Amino acid sequence: MTATTVLVTGATGTVGSALVPALLARGADVRAMVRDPGNPVPGVENVVADLRDPESVTAALRGVDAAFLNSPSAEDAAALQIQFADVARKTGLPRLVVLSQYAARLDSPVRFLRWHAEVEAHVQRLGIDHTVLRPNLYMQALLSFAGTVARGWFTAPIGGAAVSLVDTRDIADAAAVTLTEPGHTGRTYTLTGPRAVTHDEIADALTAATGRDVAFQDSPPDVFAAALNGMLPPWQIDGLVEDYAHYARGEAAEVHTCVGDLTGHPARDISEFARDHAAAFAA
């Protein structure tokens, strides 16, 4: 292991909260970047900083050997991540690991994939030591359906298309390796689960894990968007509809072996995820 101190942005988020213990297990010193000093990450060094404040980011990066770049969902997320990368280059950060997204490309019809591709391209131009992780749809995103799953159903505009969903714990394990071991400079890793599954198959896994019948109901994109109205900002709803159209076209079904190649353990299957989170879906 070459990296000893790792800055984790988004340390309280879905991936970051799994990455911190994964890094600790590998013997790294973790510096968690948090925006709210009242919500620290226990057991590690915390630094209060905000991606919108380059001076605070400069201070957070001081003395670290590697940094994990992720940001909260925001309409200007790409600009914020690009700004972070610029600061990282100025401070001489030895290594940057960027959390991107499966199938990111500049000409994608999906705004989130375009935004991630913009960040990737910028970091490439900077010429700094970096690694890109491109995870597919998070299994943990299914937890947002827990309320209706507890009533026996969930819905999304995806039809019968299969997606090679990935568990965020596997993303964290893969990230921990690239942050603490040499040999990943300039590499891009696509992170998926061990197989592509339909939402009907996800429903079957939830049924088996919870012991109650769970059914998937396909929904038209406009109905899905209307259900989210008032819960999310319009740009995020539109982006999610674009994401699901991408899934529905069968564009996110490829299975990659990067999780196993990097971590030495197989990627978690949807059935394992469902069993581990059965209590959340049954509540």
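These numbers come from a predicted model, not from an experiment. Residue numbers count from 1 along this sequence.
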> Can you name the residues that form a salt bridge (charged side-chain N to carboxylate O under 4.0 Å, His left out) with R195, not counting sequence neighbours?
Replying inline: D269

Could you tabulate the donor-acceptor pairs under 3.5 Å formed by side-chain atoms of residues 143-152, not counting sequence neighbours?
{"from": "S144", "atom 1": "OG", "to": "A141", "atom 2": "O", "distance (Å)": "2.7"}
{"from": "T148", "atom 1": "OG1", "to": "F145", "atom 2": "O", "distance (Å)": "3.2"}
{"from": "T148", "atom 1": "OG1", "to": "W153", "atom 2": "O", "distance (Å)": "2.8"}
{"from": "R151", "atom 1": "NH1", "to": "G147", "atom 2": "O", "distance (Å)": "3.3"}

> Are V15 and F68 close enough that some pair of their side-chain heavy atoms sits under 4.5 Å apart?
Replying inline: yes

> What pair of heavy atoms forms the shortest contact from P157 to P220, and how long is it?
Replying inline: CB-C, 4.2 Å

> Hey, does D170 have a side-chain heavy atom less than 4.5 Å from the side chain of M139?
Replying inline: no

>> Minimum heavy-atom separation for P135 and L133, please, with both atom names.
In response: CD-O, 3.2 Å

> Between T131 and T185, is a side-chain contact (heavy atoms from CB on, under 4.5 Å) present by the stated rule, with each step listed?
Replying inline: CA-CA 6 Å; T131 304; T185 299; 5.7 Å; no

> H246: what forms a ring-ring contact (aromatic ring centres under 6.0 Å, His included) with it, not counting sequence neighbours?
Replying inline: none

> Can you say whether the rings of F154 and H199 are parallel (under 30°), tilted (30 to 60°) or perpendicular (over 60°)?
Replying inline: tilted

> Quick one: side chain to side chain contact (heavy atoms under 4.5 Å, CB included) partners of T263, sequence neighbours excluded?
Replying inline: D173, A174, V259, H265

> Taking C-beta and beyond as the side chain, do F281 and V214 meet within less than 4.5 Å on heavy atoms?
Replying inline: no

>> Donor-acceptor check, side chain of R31 to backbone of A60, threshold 3.5 angstrom: yes or no?
In response: yes

>> Main chain of S108, side chain of R114: is a donor-acceptor contact present, judged purely on distance under 3.5 Å?
In response: yes

> Can S164 and N136 be said to form a side chain to side chain donor-acceptor pair (under 3.5 Å), step by step?
Replying inline: CA-CA 7 Å; S164 53; N136 207 348; 2.9 Å; yes

>> Assess the residue pair E201 and I270 against the criterion (side-chain contact (heavy atoms from CB on, under 4.5 Å)); give the C-alpha distance rounded to whole Å, side-chain angles, the decisive distance to 0.1 Å, and a yes or no.
In response: CA-CA 9 Å; E201 290 172 318; I270 188 64; over 6 Å; no

>> Give me the atom names and distance for the closest heavy-atom approach of R134 to E120.
In response: NH2-OE1, 2.8 Å

> Step by step, would you call L24 with D29 a side-chain contact (heavy atoms from CB on, under 4.5 Å)?
Replying inline: CA-CA 7 Å; L24 292 175; D29 295 322; over 6 Å; no

> Shortest non-hydrogen contact from A278 to A209?
Replying inline: CB-O, 3.6 Å

> Are the side chain of R26 and the backbone N or O of T180 linked by a donor-acceptor pair below 3.5 Å?
Replying inline: no

>> Is there a ring pair (Phe, Tyr, Trp, His ring centres under 6.0 Å) between Y189 and H256? Walk through the geometry before answering.
In response: CA-CA 9 Å; Y189 297 109; H256 293 250; over 10 Å; no

> Which heavy atom in L165 sits nearest to a heavy atom in Y138, and how many Å separate them?
Replying inline: CD2-O, 4.2 Å

> Nearest heavy-atom pair of D218 and G159: which atoms, and what distance?
Replying inline: OD1-N, 2.9 Å

> With under 30° as parallel and over 60° as perpendicular, where do the rings of W235 and W115 fit, or are they tilted in between?
Replying inline: tilted

> Which pairs, with at least one residue in residues 232-255 and sequence neighbours excluded, count as a salt bridge (Lys or Arg N to Asp or Glu O under 4.0 Å)?
Replying inline: R111-E242, R249-E251

>> Please check this pair: side chain of T155 against backbone of Q217, looking for a donor-acceptor N/O pair closer than 3.5 Å.
In response: yes

>> Out of the candidates T9, V98, N70, V119, only one should pair with F84 under the side-chain contact (heavy atoms from CB on, under 4.5 Å) rule; please name it.
In response: T9

>> For a side chain to side chain donor-acceptor pair (under 3.5 Å) check, start with the C-alpha distance between D65 and T4, then their side-chain angles and the critical distance, and finish with the verdict.
In response: CA-CA 6 Å; D65 302 294; T4 55; 2.6 Å; yes

>> What I want to check is whether the side chains of Q140 and T168 have a donor and an acceptor closer together than 3.5 Å.
In response: yes

> Residues two or more places apart in sequence or in another chain: which of them pass side-chain hydrogen bond (donor to acceptor under 3.5 Å, both in side chains) with D276?
Replying inline: R169

>> Is there a path of hydrophobic side-chain contacts, each under 4.5 Å between heavy atoms, that joins F273 and I202?
In response: yes

>> Does D213 have more than 12 heavy atoms from other residues, nucleotides or ligands lying within 6.0 Å of its CG?
In response: no

> Any side-chain donor paired with an acceptor under 3.5 Å for D129 and H184?
Replying inline: no

